[in-house]
Amino acid sequence: MRIVRTAKAHVNDIVRIGKSHWFYEEWITKKYIENTLNNRGFHFTAFVDGKIAGSIMVVEEDIPKFWIFYFIVDKNYRRTGIGTALLKRVTEKMKKDEFLFVDLAYTDRTGMNFYKNNNFKVMGKVNNWFEKGKSAVIMAKKI
Ligand SMILES: CC(C)(COP(=O)(O)OP(=O)(O)OC[C@H]1O[C@@H](n2cnc3c(N)ncnc32)[C@H](O)[C@@H]1OP(=O)(O)O)[C@@H](O)C(=O)NCCC(=O)NCCS
């Protein structure tokens, strides 16, 4: 596996992999990914055998708060440590005592397990976070 800084040339694959997972979501567009890439933060993409296997986009919203905006590993490559490696690449760039936040659907057991295993703590539940009636769990990791 090779992890590189995300470039514009990676965007189409990043959108494709995200859409194949969140096929019911309308916000995953080339424009959204390109805009996110232009935001200050940490954006990394993982390659396996020359193919894009996953990507993480972390935006610095206000100091010292970082948010995971987009994080996907292609389903053919999951549970092989790529997600953990992408996350590690981001946290290595952050400074001590900074926080990395993520918002998850309240029902997202996979995400919850993944983040707990990577030492994120539950910060709280927020009602109507994504849309009316859809709650979120906010988790964070202190560097
Ligand atoms: C969450 C995601 C990015 C994890 O990527 P990954 O490359 O599969 O993660 P890793 O292989 O590094 O997994 C690390 C650990 O997290 C936990 N984990 C990961 N996927 C899990 C699952 N489906 N069920 C339970 N635990 C899981 C496990 O403890 C795993 O270690 P193990 O395989 O040794 O048991 C990936 O599952 C994914 O893209 N999911 C769909 C999109 C998504 O949920 N994105 C994050 C929400 S913002």
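Atom set for the values below is all heavy atoms of this structure, side chains included, hydrogens, waters and symmetry mates excluded. Numbering of ligands and ligand atoms starts at 1, following listing order.
Annotation: cation-pi geometry not satisfied between K141 and Y115 (NZ/CZ under 6.0 angstrom from ring centroid, within 45° of ring axis).
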For ligand 1, run through the N/O pairs with the protein that fall under 3.5 Å and put one pair on each line.
residue, atom, partner, partner atom, Å
ligand 1, 7 (O), G83, N, 2.7
ligand 1, 8 (O), R79, N, 2.9
ligand 1, 11 (O), R79, N, 3.4
ligand 1, 11 (O), T80, N, 3.2
ligand 1, 11 (O), G81, N, 2.8
ligand 1, 12 (O), T84, N, 2.9
ligand 1, 12 (O), T84, OG1, 2.6
ligand 1, 24 (N), R79, NH1, 3.4
ligand 1, 29 (O), N117, ND2, 2.7
ligand 1, 33 (O), R79, NE, 2.9
ligand 1, 35 (O), R79, NH2, 2.9
ligand 1, 39 (O), V73, N, 2.8
ligand 1, 39 (O), V73, O, 3.4
ligand 1, 45 (N), F71, O, 2.9

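Between the side chains of R78 and H21, at least one donor N or O sits under 3.5 Å from an acceptor N or O.
Counting only residues at least two apart or in different chains, salt bridge (charged side-chain N to carboxylate O under 4.0 Å, His left out) contacts with residues 40-52 comprise R40-E60.
Annotation: side chain to side chain donor-acceptor pair (under 3.5 Å) contacts of N76 (sequence neighbours excluded): D74. Contacts of H43 classified as ring-ring contact (aromatic ring centres under 6.0 Å, His included), with partners at least two apart in sequence or in another chain: none.
Contact between S55 and I14 at its shortest, heavy atoms only, is OG-CD1, 3.3 Å.
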